[in-house]
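Just below is one structure, and these are the notes that go with it.
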Amino acid sequence: MRGRRIRVVDVDLCVGCQCCMFACNRRFGEAGVSRSAIQIRSAGGFERGFVVKVCRACPDPPCARTCPTGALRPREGGGVVHDSSKCIGCGNCVRSCIIEAIFWDEKAGKPIVCSYCGYCVSFCPYGVIELEPLEEVTAK
């Protein structure tokens, strides 16, 4: 399988419906948005729009560099792979993410990291996000 990442196509199209967040959280078989790997936040009131926070698949991810156990390791082409069995819950990855796109799972005491599955993309009714092959990213 080729590497992929979630790309924000046009944040101005986002209406803050959080459908992507609900979809992502369904991976855990739960309702709500508490364990979503994508977050939609207000940019300061409805008239200022929204901010989409999701892992952008850094080519040299700082979150993986700060992981003391190798639970987060760089993925070929960019981004990370998370092995929760190696994770000790130190939170270094959350603190080191330069775009604040790694979230904390209070229930598990471990980070929530995008797996680039693209499930959220199909639930965005406004085309704000898309799943993009990493070959396109590295070729640009």
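Below, each value reflects all heavy atoms present in this structure, side chains not excepted, and no hydrogens, waters or symmetry copies.
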>> Who clusters with Ile98? Use side-chain heavy atoms, under 4.5 angstrom, across I, L, V, M, F, W and Y, and order the result by chain and number.
In response: Ile99
> Hey, is the main chain of Cys24 close enough, under 3.5 Å, to the side chain of Arg27 for a donor-acceptor pair?
Replying inline: yes
>> Taking transitive links into account, so neighbours of neighbours count too, which hydrophobic residues share a cluster with Trp104 at under 4.5 Å side-chain distance?
In response: Leu72, Val80, Val94, Ile102, Val113, Tyr116
>> Tell me the closest heavy-atom pair linking Ala57 and Arg75, and the distance in Å.
In response: CB-NH2, 4.0 Å
> Under a single-linkage definition using a 4.5 Å side-chain heavy-atom cutoff for Ile, Leu, Val, Met, Phe, Trp and Tyr, are Val33 and Val121 assigned to the same hydrophobic cluster?
Replying inline: yes
> So, do Cys120 and Ile6 sit near enough that their side-chain heavy atoms are less than 4.5 Å apart?
Replying inline: yes
> Can you name the residues that form a side chain to side chain donor-acceptor pair (under 3.5 Å) with Lys110, not counting sequence neighbours?
Replying inline: none
> Would you find a donor on one side and an acceptor on the other, under 3.5 Å apart, between the side chain of Glu100 and the backbone of Cys97?
Replying inline: no
> Looking only at heavy atoms, which two atoms of Lys107 and Glu30 are closest? And how far apart?
Replying inline: NZ-OE2, 3.0 Å
>> For Val11, give me all partners under side chain to side chain contact (heavy atoms under 4.5 Å, CB included), at least two apart in sequence or on another chain.
In response: Val8, Val52
> Quick one: do Ile40 and Ile112 end up in the same hydrophobic cluster if we chain Ile, Leu, Val, Met, Phe, Trp and Tyr together by side-chain heavy atoms under 4.5 Å apart?
Replying inline: no
>> Less than 4.0 angstrom from a charged side-chain N to a carboxylate O is my criterion; do Glu132 and Arg4 meet it?
In response: no
> Mind checking whether Leu131 and Met21 sit in one hydrophobic cluster, side chains of I, L, V, M, F, W, Y counted as touching below 4.5 Å?
Replying inline: yes
>> Could you tell me if the side chain of Cys19 sits less than 4.5 Å from the side chain of Pro125, heavy atoms only?
In response: yes
> Under the 3.5 angstrom rule, does the side chain of Arg26 hit a backbone N or O of Gly29 as a donor-acceptor pair?
Replying inline: no
>> Just verifying a value: how many Å separate Arg95 CZ and Thr66 OG1, rounded to the nearest 0.5 Å?
In response: 8.0 Å
> Run the side-chain contact (heavy atoms from CB on, under 4.5 Å) check on Cys63 and Ser96 step by step: do they pass?
Replying inline: CA-CA 5 Å; Cys63 58; Ser96 67; 3.9 Å; yes
>> Once rounded to the nearest 0.5 Å, what's the spacing between atom OG of Ser34 and atom CG of Asn25?
In response: 5.0 Å
> Linking Ile, Leu, Val, Met, Phe, Trp and Tyr by side-chain heavy atoms under 4.5 Å, what else ends up with Tyr119?
Replying inline: Phe123
> Restricting to pairs with a member in residues 47-94, which pass ring-ring contact (aromatic ring centres under 6.0 Å, His included), not counting sequence neighbours?
Replying inline: Phe46-Phe50
>> If I take atom CD1 from residue Ile38 and atom CD from residue Gln18, how far apart are they, to the nearest 0.5 angstrom?
In response: 10.5 Å
> Are Phe22 and Tyr126 in one and the same hydrophobic cluster, where Ile, Leu, Val, Met, Phe, Trp and Tyr link if side-chain heavy atoms are under 4.5 Å apart?
Replying inline: yes
> Counting distance only, does the side-chain N/O of Asp105 pair as donor-acceptor with the main-chain N or O of Arg35 below 3.5 Å?
Replying inline: no
> Any chain of hydrophobic side-chain contacts (each under 4.5 Å) joining Ile129 to Leu13?
Replying inline: yes
